[in-house]
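Just below is one structure, and these are the notes that go with it.
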Amino acid sequence: MARVQTPPINHHAGVRNTNRTPVLSREAQVMDYKNTLNLPQTGFPMKADLVAREPERLAKWEQSRLYEAIQSRRAGAKDVFVLHDGPPFANGDVHVGTALNKILKDIVIKSKSLRGFRAPYVPGWDCHGLPIEFKVSQEMRKAGDEAADPATIRKACEAYARRYVDLQRDQFRRLGVLGDWGRPYLTLDREYEAAELRLFADIVERGFVYRGRKPVYWSIPCRTALAEAEVEYQDHVSQSVYVKFPIVGQPGMFLLIWTTTPWTLPANLAVAYNSSFFYSAVLVGQETYLVSTMLLDQVAKKAGWEGYQILRSLDGSVLASLEYQHPFCGRTGRLLAGDSFVTNDTGTGFVHCAPGHGMEDYHLGLAHGLPVYSPVDDEGRLALTSDLPVAQQMPAELVGKSILEKHGKSEANEAVLHELRVRQLLLHQENYHHSYPHCWRSKTPVIFRAMDQWFIRVDHLGADGATFRSRALAEIDRVAWIPDWGVNRIKSAVQSRPDWCISRQRSWGVPIPAFYTAAGEAILDARVVRRTADLFEKHGSNIWYERTVSELWEWVRPADWTGPVPSTRSGDTLDVWIDSGSSSAAVIARRPELRGREQPFQCDMYLEGSDQHRGWFQSSLLLSLAGQGGAPYRTVLTHGFMVDADREKISKSKQGQGGYQKPQTAERYVKEYGADVLRLWVASQDFRNDIVVSEERLQKVGETYRVIRNALRYQLSNLYDFDPAKHAVADESLTGLDRWILGEFAALEAECVRAYDACEYHVVYQRVAQFAAVQLSSMYHDAVKDRLYTDPAGSVRRRSTQTALHRLVSGLCQVLSPVLVFTADEAWEFIPGRPAASVHLSDWTPRGLVRRESEVRTWDWLFATRERVLPELEKARQAKRIGKALEAKVVLTLPAEVEGLEAGWEDALRELLNVSQLGVGRGDAFAAEITSAEGTKCERCWHWETEVGTHPAHPTLCGRCSAAVGA
RNA sequence: GGGGGUGUAGCUUCAUUGGUCAAAGCAGCGGAUUUAUAUCCCGUUUAAAGCGCCAGAUAAGCGGCUGAUGCAGGUUCGACUCCUGCCACCCCUACCA
C-alpha cells in the first residue's frame, strides 16, 4: 500500500475562497491554497499576562456576584460540605504561608462545589489580642497619649483591626479565593462576642472555671500573662550561677545550688534533691560543700578546686533533716525530695525552688504547704509582698530592681549577684547558652510569675465520673485526622497540657464578666455571664468599661441574686484562644448556611497548619466539648510549613537580616507570577510535608502553566467553526485516534476525581501536566493537525476530532478550575456551546468513554510501533536522507503480531508517524526501512504524492486536496 | 532533652502485599520545523562512580563485572519497601532549676 485512502469528501462543506483565477502566479497560488486550509484561530491569547488580566476577571466575578450564584445554584444540593475557616490574625500583610492555607481551602471548596456539593465559605478574622494592642499603644504613645483609658484603647484597636481586615480581604480575594467576603465573621463583632460569652457561661455553669494562683508565663513589656501559644523559643544567654547556701547549725558547711535565673533567688523557699542520688560532703580549703556525687567532677572543674577531699557520702534521709539559711533573706528553708525533676546531668544535684516562679517548684511547694511567693510586681521589678513578714523578705537594696534584660544585663540579676558576692556566697558564675521561652510580641524572655488568674480545669470531673481530659482524648478518636499522625500530635498536646490560664491583663479582648467584692472575693456566675452577653450584643462590649460598676451590676444581676454585692469589676480579658476556639458556637451554629446537620455546631473540616494541633484545633475541641458536648469537626486536614530553598523555616528574623531579597508576602508573589501560578505551585506539592518556596520552583511551575495554557489554546483554536449541537459526532462514529485520546482522558479524569476526593492535589498537578505534555502535545495534537487543517471543514473525520477536542477542553477546564481559577474560567468562555456561563458554575460529571478490548489492543500496538519507528526516522533525518517526516516513506516488515488488529490500522499508523507513505510487508522480525517519499510535495497539505500533477484544475495538489478545494 | 514528620536524578512527583533493568515530566545538551511559532516536535545525557573490552593515542563506542533510593549495617533467594543504629532538615514540646 502506498497511500492512505482519503475519507469521503463532503462537497457541501464550507470551503472558502474557491473562486480562484488560474492565471495567478505560483506564489499567489500558494497563498491562495493556504487560505483554503482550516487554520486555527482563537481570541484566547497565548500570553497569559496574569498580573494584568486576573484583576479584570475578578472585577467581573464580583459584578456578577459569582460566589452567590454558585451558592444559589447549589442551594438544593443533597450533599453539603462545610469547611470552617480558621481566622487569621488581622495584622499586617498576608504572608505567603497564610496564602498557602487560604488557597488550599479554596481548592477544597471549589473541588467539592464542582462535584455537586453545596460548599459555602465564610472567611473569618481573629481581631483581638496583644499584637494589635501593642502596636496601637505604641502609636498612641508616640502621639503623646500616655494614659489612655481602656475604652479609648479599644476603639483604636478596633479601627486598627478593621483596617487590616480590609487590607487582607483584598489580598485574599486577589488570590482567586471565592467566599462570602461581604459578610465575614470577626471575633470583635457584637454577636460573636455575645455567642462566645454564652458558650463561656455554659462552661462556667458546668464548673470548669476556677480562680487560682499559680505561676504563668508573664511578658514584662506587654504587662500580661501569656498563653502557651504566645511564647516562642529562642536562643538565649543566661547568667548561670553556683550558689552556696549555709547549713543551719553547721558553720562552714554549704549546700551548692545551681540556677540560671538569679533574680528568682529572693523567692527561694526550699531546695530540692533527688532521693535516689548519692551526695558527697566535700572539703575544699576551710569549707565543706554538699553536692551530687555524680556531678562532683563537673562542679570541681567549674569552681576551679585545686584539691578537694570527700569527707563522707550522704543519702536522702540525711538531707531531709537539714535546714539551710537563705543566702540573703532573713529566713531558713528545708530540703525536699523532688525526684521527678532533679537530674544528674547538669548543675549540682540541688535545685533551688521558688514556688512562685516555676511549675515544678509550685507543685513541690503545694505538696509541702509552702506559700506561692512571687515577689515581683506588674512592672517586672522585685517587690515585697504580703505573703511573708517583711523581715523575712529580701533586703531593701533589691526592691525595685528590674528583671527585664537590657543588652543582656538585668538589674535584678546584677543586684542579686552583688548580694551574693558581698556575702561570699557566689561560688562560680558563667554564661549559659540555651533555648528559652520568649514573648512572641516583644521578643523578650518571659518570666514565670505567680498571680491570681482564671483557669479552665482540664481534669474536671464530669457527671459520669470521667475527667474532662479523658473525654477529650476519646473525642479525638472520633475525628478523622489527615495525615493520620495528626492524632498523635493532638493527643499528646491534650494529654500533657496544664490547666488553661484564660485571663489576660489586657484591654483589647472580650472582658471577663467577673466582679469582686470589697473583700476581694470573686463573683463569676453563669447567669451573670449570660446577661452580660445580652448586654454586649445590644451595646457592644465597650460598655463594660464605660459604665460604673453599679450600673453594670444593675443590668447583669440575676433577679433572684442573693450573693455578695460587688465593689469592682474585672479588668481582665479572655485569652484570644477562647475567641477563636468559640467559633463553632459563634459562627457554625449561628450561620444558617454553615449549620451542621447532626449537631448545629459541627462542620465537616478544619484545615490549618500543623502547629494548630496545639492551637486552634485544641482550643476548639476543648471549648466545644466542654460547652456543647462534642468536637466541632469531623475531619482535620493539616498542612506542613513553608520552608525556603535551603529547607529552612521562613522566619521573620531571617527576613530582617536580609536573608530574603524580597518580602515573603502573598502580594509580592502575585505581582510577579500571578495568582494562578501561585495556586498551581500550591497544588504542585504534597502539602502534608514541608512546602518549599523558591524562585526556582515558582519558575518551574510557571513553565508547566504555559504548557497547559497552550494545550488549551490549541484546542480552542480548532473549535472556531464547531457547534456541538450541530456537529458533534456520536461516540461510536468517532475515529479510532479520537476514541483513543478520549479513553486516555477518561482515565485521567477518573484519577483526578479520586485525587481531589483524597485532597491529593499534587497528583492532579502531576497527571494533568503530564497529560498535556505527553498525550496531548507530543502525540494527539501533533497527529491531528493534518486532518484538522486539510480535511474539508465539515468532513466527518474533522468533526470527529473537533468533537474530541471540544470534550477535552471542556473537561480540562473543569479539572483545572479548582486550581487555575482564572485561566480555566478564561478558557471556558471560548468554548462553543458551553453549558454554563462560568466554569465555576458548571457540574463536573466525567462522561468517560469505554473502548472495546480489541480496540485498546490495536492502539496499544500502534503506539508501541510508533515508538519503534520514530528512532529510525530520526536516524534518517540525522543522515540527511529526509527532512521532516512527511518527506519520508516507511516500509515496515512485521511479524505475526499484526494478526487480530482492528481494520484500518495501517492508515492510523501512517497518521501517527506523520509520514506520507507507509508500506507493510510480513516477515519474521520487525524492521523499518526509511526512504524518500515517492512523488511530489502537495502545495496544500505537504504530503508527498505520486498523483500530484494529474489534476488539471490544480496541478500542484494531491487528489485529496483537489477534492477538498472543490474541483 | 522528649514526641512527631521528612529524606528517591539539578527540580517536582510516582513505584500493588518485598519481586525483572527504579518510572514520568520538567530543566540540561544536541537537532528539526516555521500550517499552534515568546508555542510545539525529535534525539539524548545525568541517580558517587569504578573496573573491563576496543584503540598507537585521543575522541567516540561497547555494556561484561561491581555499585547505586540521606549514611552504615541487618533480615531475605530478592529491600526504596521490613528491622537496628546514625546524619540532615522541619514541626511540636520542655522552668534543665
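Just so it is clear, the structure is predicted and the values come from calculations on it, not from any experiment. We use all heavy atoms of the structure for the numbers below, so side chains are in, but hydrogens, waters and symmetry mates are not.
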Legend entry - Tyr765(A) vs Thr704(A), side-chain hydrogen bond (donor to acceptor under 3.5 Å, both in side chains): CA-CA, chis, key distance, verdict: CA-CA 9 Å; Tyr765(A) 168 87; Thr704(A) 305; 3.0 Å; yes

Legend entry - Nucleotide of A97(B), A36(B), U13(B) approaching Asp686(A) most closely (side-chain heavy atoms): U13(B)

Legend entry - Arg767(A): salt bridge (Lys or Arg N to Asp or Glu O under 4.0 Å) partners, not counting sequence neighbours: Glu751(A)

Inset, instruction - Sticking with atom P, work out how far U44(B) lies from G25(B), rounded to a whole angstrom. - result: 12 Å

Legend entry - Carboxylate-amine/guanidinium proximity below 4.0 Å for Arg960(A) and Glu945(A): no

Legend entry - Set of ring-ring contact (aromatic ring centres under 6.0 Å, His included) partners for His639(A), sequence neighbours left out: none

Legend entry - With His357(A), the ring-ring contact (aromatic ring centres under 6.0 Å, His included) member among Trp263(A), Trp218(A), Tyr217(A): Trp263(A)

Between the protein and nucleotides 81-84 of chain B, which nitrogen or oxygen pairs come in under 3.5 angstrom?
none

Inset, instruction - For Arg866(A), check salt bridge (Lys or Arg N to Asp or Glu O under 4.0 Å) against everything at least two apart and list the hits. - result: none

Legend entry - Atom C1', compared across C42(B) and U34(B): separation rounded to whole Å: 16 Å

Inset, instruction - Ignoring the backbone of Gln770(A), work out which of A38(B), A24(B), A97(B) is nearest its side chain. - result: A24(B)

Inset, instruction - Rounded to the nearest 0.5 Å, what's the gap from CZ on Arg709(A) to CG on Leu680(A)? Could you check? - result: 13.0 Å

Legend entry - Span that lies between the C1' atom of G64(B) and that of U8(B), in whole angstrom: 28 Å

Inset, instruction - Could you measure between the two P atoms, the one in G70(B) and the one in A88(B), and give it in whole Å? - result: 16 Å

Legend entry - Nearest-neighbour nucleotide for the Arg713(A) side chain, U37(B), G25(B), U35(B) considered: U37(B)

Legend entry - Earlier contact from the 5' end, RNA chain B, for Pro437(A) and Met46(A): Met46(A)

Legend entry - Per Glu703(A) side chain, nearest of listed nucleotides C26(B), A94(B), A97(B): C26(B)

Inset, instruction - Measure from the side-chain heavy atoms of Arg489(A) and tell me the nearest of G3(B), U93(B), A36(B). - result: G3(B)

Legend entry - Interatomic distance at C1', G1(B) relative to G74(B), whole Å: 29 Å

Inset, instruction - Remember a base hit wins even if backbone is also touched, and classify Ala773(A) as base, sugar-phosphate or nothing at under 4.0 Å, heavy atoms. - result: sugar-phosphate

Legend entry - Integer angstrom distance from the P of C77(B) to that of U16(B): 23 Å

Inset, instruction - Tell me which nucleotide among C26(B), A97(B), C42(B) gets nearest to the side chain of Arg866(A). - result: C42(B)

Inset, instruction - Side chain of Trp485(A) only, please: which of U35(B), G5(B), C14(B) is the nearest? - result: G5(B)

Legend entry - Partner residues of Phe830(A) under the ring-ring contact (aromatic ring centres under 6.0 Å, His included) criterion, sequence neighbours left out: Phe44(A)

Legend entry - Results of side-chain hydrogen bond (donor to acceptor under 3.5 Å, both in side chains) for Thr264(A) - residues two or more places apart only: Thr261(A), His352(A)

Legend entry - Qualifying residues under ring-ring contact (aromatic ring centres under 6.0 Å, His included), relative to Phe277(A), sequence neighbours excluded: none

Inset, instruction - Report yes if at least one side-chain N or O of His613(A) is closer than 4.0 Å to OP1 or OP2 of U93(B); otherwise report no. - result: no

Legend entry - Nucleotide nearest Tyr789(A) when distance is taken to its side chain, options U13(B), A36(B), A97(B): A36(B)

Legend entry - Selected nucleotide, minimal atom distance to Tyr714(A) side chain, candidates A97(B), A36(B), U35(B): A36(B)

Inset, instruction - Can you run through RNA chain B from 5' to 3' and write each base as (, ), [, ], | or . depending on how it pairs? Watson-Crick or G-U wobble, both distances under 3.5 Å. - result: (((((((..((((.....[...)))).((((.........))))....(((((.......)).)))...(((((..]....))))))))))))....

Inset, instruction - Considering only atom P, compute the distance from A9(B) to A97(B) and round it to an integer number of Å. - result: 42 Å

Legend entry - Comparing His781(A) and Phe448(A) on RNA chain B - which has the more 5′ nearest nucleotide: His781(A)

Legend entry - Partners passing salt bridge (Lys or Arg N to Asp or Glu O under 4.0 Å) against Glu608(A) (at least two apart in sequence or in another chain): Lys105(A)

Legend entry - Thr260(A) vs A97(B): side-chain N/O to OP1/OP2 distance below 4.0 Å: yes

Inset, instruction - Looking only at side-chain atoms of Val707(A), point me to the closest of C14(B), C40(B), C92(B). - result: C40(B)

Under 3.5 Å, N/O pairs linking protein and nucleotides 43-45 of chain B:
none

Legend entry - Separation between the C1' atoms of G31(B) and G19(B), rounded to whole Å: 40 Å

Legend entry - Those residues that, when tested against Ala711(A), pass side-chain contact (heavy atoms from CB on, under 4.5 Å) (two or more places apart): Ala772(A), Leu776(A), His781(A)

Inset, instruction - Would you indicate, yes or no, if A27(B) has its OP1 or OP2 atom less than 4.0 angstrom from a side-chain nitrogen or oxygen of Arg706(A)? - result: no

Inset, instruction - Answer yes or no: does a side-chain N or O of Tyr432(A) lie under 4.0 Å from OP1 or OP2 of A97(B)? - result: no

Inset, instruction - Kindly write out the residues that satisfy salt bridge (Lys or Arg N to Asp or Glu O under 4.0 Å) with Lys937(A), not counting sequence neighbours, or none if the list is empty. - result: none

Legend entry - Arg798(A)/Asp721(A) ion pair, N-O < 4.0 Å: yes

